[in-house]
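Below is one structure, written out as structure tokens; the observations come after it.
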Amino acid sequence: MSESSSTVSCPVLGEELDPVASPGSEAVPGVLSPLTEALFQRHFGGTEQGLDPLRDQLLRGFRDKLFRTYSRREAWRLLRARFPPLTWLPWYPWRTWLLGDAVAGVTVGVVHVPQGMAFALLTSVPPVFGLYTSFFPVLIYTFLGTGRHLSTGTFAVLSLMTGSAVESLVPEPPGGNLSSTDRMQLDLQRVGAAAAIAFWSGALMLGMFALQLGFLSTFLSEPVVKALTSGAAVHVLVSQLQSLLGLPFPRQIGYFALFKTLAAVLTALPQSNPAELTISALSLALLVPVKELNVRFRKRLPTPIPGEVFMVLLASLLCFTSSLDTRYNVQIVGSLPVGFSQPLIPSLSTLPLVLAYSLPIALVTFAVSVSLASIYADKHSYAINPNQELLAHGVSNLVSSLFSCFPNSASLATTSLLVDAGGHTQLAGLFSCAVVLAVLLWLGPLFYYLPKAVLACINISSMRQMFFQMQELPHLWHISKMDFAVWLVTWVAVVTLSVDLGLAIGVIFSMMTVVCRTQRIQCLILGQVKGRELFCPVRERSKLCQVPGLRIFRYPAPLYFGTRGRFRQTMGQLLGLERQDEELAKSHASAETGAELLQVVILDCSGIIFVDVAGARELVQLASQCSAARIHLLLAQCNAPVLGTLTRAGLLDILTPEQLFVSVQDAAAHALENLEPLASKTCMVWV
């Protein structure tokens, strides 16, 4: 882009503003007074900001919660907020929605039964505890959750994370040849460990609810969540190879567990059980096509085909009639206890160890559930409350842990199934609970001969959605290469290291990309659009007015400790502060120089959304340098918190209130009207 030295007439800046005369001065007809911050406050009101607005807000909030008396209407509003069904149940269209919720609930409940038992094996606990986890959390979320289309219960990612934690807390004794009594004792210890993790995960989420930390869901970006679930699906697939092939080796845990498992599979491959391998192949041959049919003919089918149920019944019947468990040593589920276990408070003895596993599980629970609830809430035009979701999932995990349930959350597969089957509200959860309750009370013995290899196949087939998330990568690359990098780094970290460490790396890397992008912000030089009070970046427009000696800059980024170095370097180069004294001396010494001398600088602060102590001191130092170099610095469009921080940092010791303006137009008008060298109203035109 080339520069032309030709000049054109530039209209008086700010002439379309409403005239506001300064106190003590006479309003000149046709002349407009630029609006400073002090003048704006004087004429249009506004309250002074306190020394610490955030502290005052928190104190007011605590006072309101502790000492406020609620009216009857406010109490009812609070009750509706804590029990969301009260907001929609009075207007529930029973005739049109009840059948859809009933069909969807029964469909999801039928799938919960085999899927719950399958995910229990992934959690390293007996299958019946997966049924408990498919009952209590669903029942609790029905009354406390805000996601009307959300299906909660067992979730593969959480089961995988919990299983790794359980195996680490309660490892299997060396040798692996345990008697039935020892095996029962080991299972009870593992159930207790899983319940303790659920208890403290729920307690952590309740603590987050008390602190109103629902906004933390924004730090788990969509690429991080999707990469986490896709990477965890790979772990689930590899971890189930042992059951698919009937291989006798312990579960691998810790970092690089995926590669350890693959190595153990290759080593033990000659010992695989042909009968279990055949059952696995036949099960996948049925489950995978049924999943594809459900997706492809979603709109034509009245309800999705329950392939898992057909496979469970068929495999159980085949194993019973052929005695596969005794003749070919096929591992089966065995007896399922009737009813519920005795309520039990988890032991506090392993609290420090359990908390280390509970925190990432609580974060994953919250992130996945809120993300999934938001997707369907946007599709069906209603809103969810992240803080209420913290309460719902916190209570769900804490209370259900008393009945020996392991950590639970929203489930991608059953939520999609619920919507496809015609579900409208959480009322579907009650019908789902009824199905699981029937199995726990009466139908449990039917699953005695169910091969565990079939449950492993159900685990793998339920990962379909997570694997197909990888199809979005080309589209993600096209939209944002930075988000693509976040997805890839998170996925690689989850697959190669572990799910919880991969999540931490993904979140940190995602936040680093935000910080790095603030480091690459360029300070923009603004020019005026001829004939209008509009200022645009010079680089993006071909012809803009610029007055000699006046420069207008916009810094479109927060000014904090991470960006102050970039801000100092950029402003130093643009203003030439290190050369300003020399140019000033030369201009006084000789009239032969034709170089333009910078006299007025306007800094548009509309893009500076916040400043910290380091950033405020940097801006104060810039004001001091400009004053020493005889540059008149004007600040425009500072928001109230930024202006308050700058004031407390000592900005008004260097600048006067008359140098702080409400808008760039007012600052430019002030420069043109009050500084004699600029009164010519001529400007350069960039071409």
Side-chain angles (χ1 to χ4, degrees), residues 97-120 122 130-131 133-135 137-139 141-142 145 147-159 229 233 236 283-284 286-313 368-369 371-377 379-380 408-439 454-455 457-469:
W97 281 13
L98 182 60
L99 180 61
D101 279 338
V103 172
V106 171
T107 303
V108 171
V110 168
V111 174
H112 265 314
V113 173
Q115 198 172 87
M117 292 190 292
F119 289 162
L122 197 60
L131 296 179
T133 311
S134 299
F135 176 79
V138 178
L139 185 63
Y141 187 83
T142 298
R148 300 179 192 173
H149 297 81
L150 209 62
S151 174
T152 59
T154 56
F155 181 45
V157 176
L158 287 186
S159 296
T229 53
V236 172
S283 299
L284 290 175
L286 175 65
L287 292 172
V288 173
V290 168
K291 290 280 187 183
E292 293 300 322
L293 288 174
N294 285 334
V295 173
R296 182 164 300 184
F297 300 101
R298 177 181 303 172
K299 296 181 179 180
R300 299 183 183 179
L301 293 172
T303 183
I305 303 172
E308 293 90 347
V309 178
F310 291 149
M311 192 66 247
V312 165
L313 296 177
V368 172
S369 300
S371 299
L372 197 58
S374 299
I375 291 173
Y376 287 97
K379 284 184 179 180
H380 297 275
N408 55 85
S409 72
S411 171
L412 275 69
T414 54
T415 297
S416 177
L417 182 63
L418 179 72
V419 175
D420 293 341
H424 301 286
T425 64
Q426 297 104 303
L427 200 62
L430 297 180
F431 294 97
S432 176
C433 290
V435 175
V436 178
L437 181 63
V439 173
V454 174
L455 296 180
C457 293
I458 292 175
N459 277 332
I460 293 174
S461 64
S462 66
M463 298 293 104
R464 179 192 177 279
Q465 278 183 294
M466 301 183 193
F467 283 120
F468 275 85
Q469 287 177 350

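None of these values were measured; they are calculated from a predicted model. No hydrogens, no waters, no symmetry mates; every other heavy atom, side chains included, goes into these values. Sequential numbering from 1 along the given sequence is applied to the chain's residues.
- The distance from the OG1 atom of Thr415 to the NE2 atom of His149 is 10.5 Å, given to the nearest 0.5 Å.
- Thr229 and Gln469 form a side-chain donor-acceptor contact under 3.5 Å, judged by distance and modelled atom types alone.
- Atom-to-atom distance recorded for Phe431:CZ and Leu98:CG is 5.0 Å, nearest 0.5 angstrom.
- The distance from atom CG of Leu150 to atom OG of Ser374, rounded to the nearest 0.5 Å, is 9.5 Å.
- From His112, atom NE2 reaches atom OG of Ser151 across 4.0 Å, with rounding to the nearest 0.5 Å.
- Side-chain N or O atoms of Tyr141 include none that pairs as donor or acceptor with a backbone N or O of Ala410 at under 3.5 Å.
- Using a distance-only test at 3.5 Å, with no hydrogens or angles considered, a donor-acceptor pair links the side chain of Thr107 to the main chain of Val103.
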Trace of the side-chain contact (heavy atoms from CB on, under 4.5 Å) decision for Leu287 with Val454: CA-CA 10 Å; Leu287 292 172; Val454 174; 5.7 Å; no
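- Scanning all heavy atoms of the two residues, the minimum distance from Gly116 to Ser134 falls at CA-OG, 3.8 Å.
- Side chains of Thr152 and Asn408: no donor on one and acceptor on the other come within 3.5 Å.
- Separation of atoms OG1 (Thr154) and CG (Asn459) is listed at 9.0 Å; rounding is to 0.5 Å.
- Minimum heavy-atom separation, Arg148 to His424: CB-O, 3.7 Å.
- Annotation: side chain of Gln115 is in contact with side chain of Ser411 (closest heavy-atom distance under 4.5 Å).
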Derivation and outcome, side-chain contact (heavy atoms from CB on, under 4.5 Å), residues Val113 and Leu131: CA-CA 6 Å; Val113 173; Leu131 296 179; 4.0 Å; yes
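- Ile460 CD1 to Leu284 CG: the interatomic distance, rounded to the nearest 0.5 Å, is 5.5 Å.
- By the 4.5 Å heavy-atom criterion applied to side chains, Val312 and Ile458 are counted as neighbours.
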